[in-house]
Amino acid sequence: MQDILAIYPGSFDPVSNGHLDIIERASKIFSRLIVLVSLNPHKKYLFSEEERVDMLKVATKHLVNVEVVSSNLLVIDFAKAKGAKVIVRGIRNQEDFINEQNLYAFNHTLDKDIDTIALFPSANTLFISSSGIKELALFHDDIKDFVPVSLADFIVKTIRERFK
């Protein structure tokens, strides 16, 4: 396998099994994968940057070629600084497709040497969203099918505390 570093950016607020599905599959395609907790100025986060990084480290500890970090740089600038050749994105629906297509156009204009590859979530995780997880937890529904089991209690407790 050729040594190719890829970046999988996202807010991961919180990490879901959909995110983990993309991470696990991308880790099989690329020799190294950096999962990047990145800043989206249009989002208000429930979990701190440190909590999101920690959750991802727990969820990916079984993947030897995956590193989890955070950065306030533009994703394309972070990828360039790390020498990455690929940005991995997950696409669940048409809205995601349009957003990712626009991001790709901007990124490709800024650096033509870094490409974007989109992965579709597996069928059993296609519908999972972080906002859906937050809503289920807030209304006392079980989220264990939608998040890494080892993080479910922490995610539920944190959501309920912060929405009081």
Side-chain angles (χ1 to χ4, degrees), residues 4-30 32-47 49 51-53 55-56 59-60 63 66 68-80 82 84-139 141-149 151-152 155-156 158-159 162-163:
I4 298 175
L5 172 62
I7 308 292
Y8 176 46
S11 54
F12 308 106
D13 189 47
V15 63
S16 72
N17 286 342
H19 297 130
L20 191 55
D21 174 58
I22 297 291
I23 293 166
E24 288 173 341
R25 290 172 42 227
S27 75
K28 293 175 186 173
I29 297 169
F30 302 102
R32 295 181 296 141
L33 178 68
I34 295 177
V35 179
L36 175 64
V37 175
S38 56
L39 175 67
N40 181 336
H42 303 290
K43 288 188 177 181
K44 183 176 179 184
Y45 299 112
L46 182 66
F47 293 87
E49 182 177 314
E51 287 170 328
R52 290 179 282 144
V53 168
M55 284 188 287
L56 281 159
T60 62
L63 302 170
V66 172
V68 178
V69 300
S70 65
S71 173
N72 291 330
L73 293 175
L74 283 172
V75 171
I76 193 72
D77 291 338
F78 179 86
K80 192 184 312 187
K82 291 292 185 178
K85 296 296 179 202
V86 176
I87 296 170
V88 175
R89 301 300 297 171
I91 296 180
R92 295 171 299 178
N93 53 42
Q94 285 181 312
E95 185 178 324
D96 285 354
F97 177 81
I98 291 167
N99 290 336
E100 296 304 334
Q101 186 180 36
N102 289 334
L103 275 174
Y104 162 76
F106 275 114
N107 288 340
H108 193 68
T109 300
L110 295 171
D111 193 322
K112 291 180 180 13
D113 293 329
I114 299 174
D115 215 335
T116 299
I117 292 180
L119 295 175
F120 296 101
S122 297
N124 62 327
T125 64
L126 188 61
F127 63 92
I128 299 174
S129 69
S130 293
S131 58
I133 291 167
K134 290 175 197 170
E135 188 171 332
L136 287 173
L138 185 60
F139 288 98
D141 276 323
D142 187 7
I143 64 166
K144 287 188 172 106
D145 289 339
F146 311 117
V147 299
V149 174
L151 297 171
I155 291 170
V156 168
T158 303
I159 289 170
R162 295 185 183 163
F163 273 107

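The first residue of the sequence shown is numbered 1, and numbering continues consecutively from there.
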Visitor: Indicate the atoms forming the closest heavy-atom contact of Gly18 with Ile128, along with that distance.
Guide: N-CD1, 4.2 Å

Visitor: Roughly how far, to the nearest 0.5 Å, is the OG atom of Ser11 from the CZ atom of Phe47?
Guide: 11.5 Å

Visitor: Which label fits Tyr8 and Phe12: parallel for a plane angle under 30°, tilted from 30 to 60°, or perpendicular past 60°?
Guide: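 Plane angle over 60°, so perpendicular.
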
Visitor: With sequence neighbours left out, write down each residue that passes ring-ring contact (aromatic ring centres under 6.0 Å, His included) with Tyr45, or none if nothing qualifies.
Guide: none

Visitor: Show every salt bridge (charged side-chain N to carboxylate O under 4.0 Å, His left out) that has at least one partner inside residues 90-103, sequence neighbours left out.
Guide: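 Applying salt bridge (charged side-chain N to carboxylate O under 4.0 Å, His left out) to every pair that reaches into residues 90-103, excluding sequence neighbours, yields Arg89-Glu100, Arg92-Asp96.
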
Visitor: If the test is side chain to side chain contact (heavy atoms under 4.5 Å, CB included), which one of Val68, Ile22, Val88 qualifies with Val35?
Guide: Val68

Visitor: Quick one: salt bridge (Lys or Arg N to Asp or Glu O under 4.0 Å) partners of Glu51, sequence neighbours excluded?
Guide: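 Once residues adjacent in sequence are excluded, the partners of Glu51 under the salt bridge (Lys or Arg N to Asp or Glu O under 4.0 Å) criterion are Arg162.
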
Visitor: Is the closest side-chain heavy-atom distance between Ile23 and Leu56 below 4.5 Å?
Guide: yes

Visitor: Would you say that Asn17 contacts Pro148 through its side chain, given a criterion of any heavy-atom pair below 4.5 Å between the two side chains?
Guide: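 In short, these two side chains touch, coming nearer than 4.5 Å.
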
Visitor: With rounding to the nearest 0.5 angstrom, report the CG to NZ distance, Asn107 to Lys80.
Guide: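 Output value for this atom pair is 10.0 Å.
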
Visitor: Under the rule for side-chain contact (heavy atoms from CB on, under 4.5 Å), what residues qualify as partners of Lys144, not counting sequence neighbours?
Guide: Asp142, Ala152, Asp153

Visitor: Restricting to pairs with a member in residues 6-19, which pass salt bridge (charged side-chain N to carboxylate O under 4.0 Å, His left out), not counting sequence neighbours?
Guide: Asp13-Lys134

Visitor: Who are the side-chain hydrogen bond (donor to acceptor under 3.5 Å, both in side chains) partners of Ser131, not counting sequence neighbours?
Guide: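 Partners of Ser131 by the side-chain hydrogen bond (donor to acceptor under 3.5 Å, both in side chains) criterion, ordered by chain and then number, come out as Ser129.
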
Visitor: Side chains of Pro14 and Ser130: does their closest heavy-atom pair fall under 4.5 Å?
Guide: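 Heavy-atom side-chain distance check passes, below 4.5 Å.
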
Visitor: Applying salt bridge (charged side-chain N to carboxylate O under 4.0 Å, His left out) as the test, list every pair that has at least one member in residues 35-44; sequence neighbours left out.
Guide: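 For residues 35-44: none.
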
Visitor: Could you give the side-chain donor-acceptor pairs of residues 114-124 under 3.5 Å, partners two or more places apart or in another chain?
Guide:
unit_1, atom_1, unit_2, atom_2, d
Ser122, OG, Asp21, OD1, 2.8
Ser122, OG, Asp21, OD2, 3.2

Visitor: CG/Leu103 to CD1/Ile87 distance, rounded to the nearest 0.5 angstrom?
Guide: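 Reported to 0.5 Å precision, the distance equals 8.5 Å.
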
Visitor: Which atom names give the shortest non-hydrogen contact between Ser70 and Glu49, and what distance separates them?
Guide: OG-OE2, 2.6 Å

Visitor: Who passes ring-ring contact (aromatic ring centres under 6.0 Å, His included) against Phe146, sequence neighbours left out?
Guide: Phe127

Visitor: Hey, could you give me the CG/CD1 distance between Leu46 and Ile155, rounded to the nearest 0.5 Å?
Guide: 10.0 Å

Visitor: Check whether any side-chain heavy atom of Leu36 lies under 4.5 Å from a side-chain heavy atom of Val69, and answer yes or no.
Guide: yes

Visitor: Less than 4.5 Å apart, side chain to side chain, heavy atoms only: is that true for Asn102 and Ile98?
Guide: yes

Visitor: Counting C-beta onward and ignoring hydrogens, is there a side-chain heavy-atom pair between Phe106 and Ile76 closer than 4.5 Å?
Guide: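 Answer no - side chains too far apart.
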
Visitor: With sequence neighbours left out, write down each residue that passes side-chain hydrogen bond (donor to acceptor under 3.5 Å, both in side chains) with Ser16, or none if nothing qualifies.
Guide: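 Per chain and number, Ser16 pairs via side-chain hydrogen bond (donor to acceptor under 3.5 Å, both in side chains) with His19.
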
Visitor: Among all residues two or more places apart in sequence or in another chain, which pass the side-chain contact (heavy atoms from CB on, under 4.5 Å) test with Ala84?
Guide: Leu5, Ile7, Ala79

Visitor: Supply the atom-to-atom distance Leu74 CG to Leu39 CG, rounded to the nearest 0.5 angstrom.
Guide: 9.5 Å

Visitor: Which residues satisfy the side-chain hydrogen bond (donor to acceptor under 3.5 Å, both in side chains) test with Thr60, sequence neighbours excluded?
Guide: none

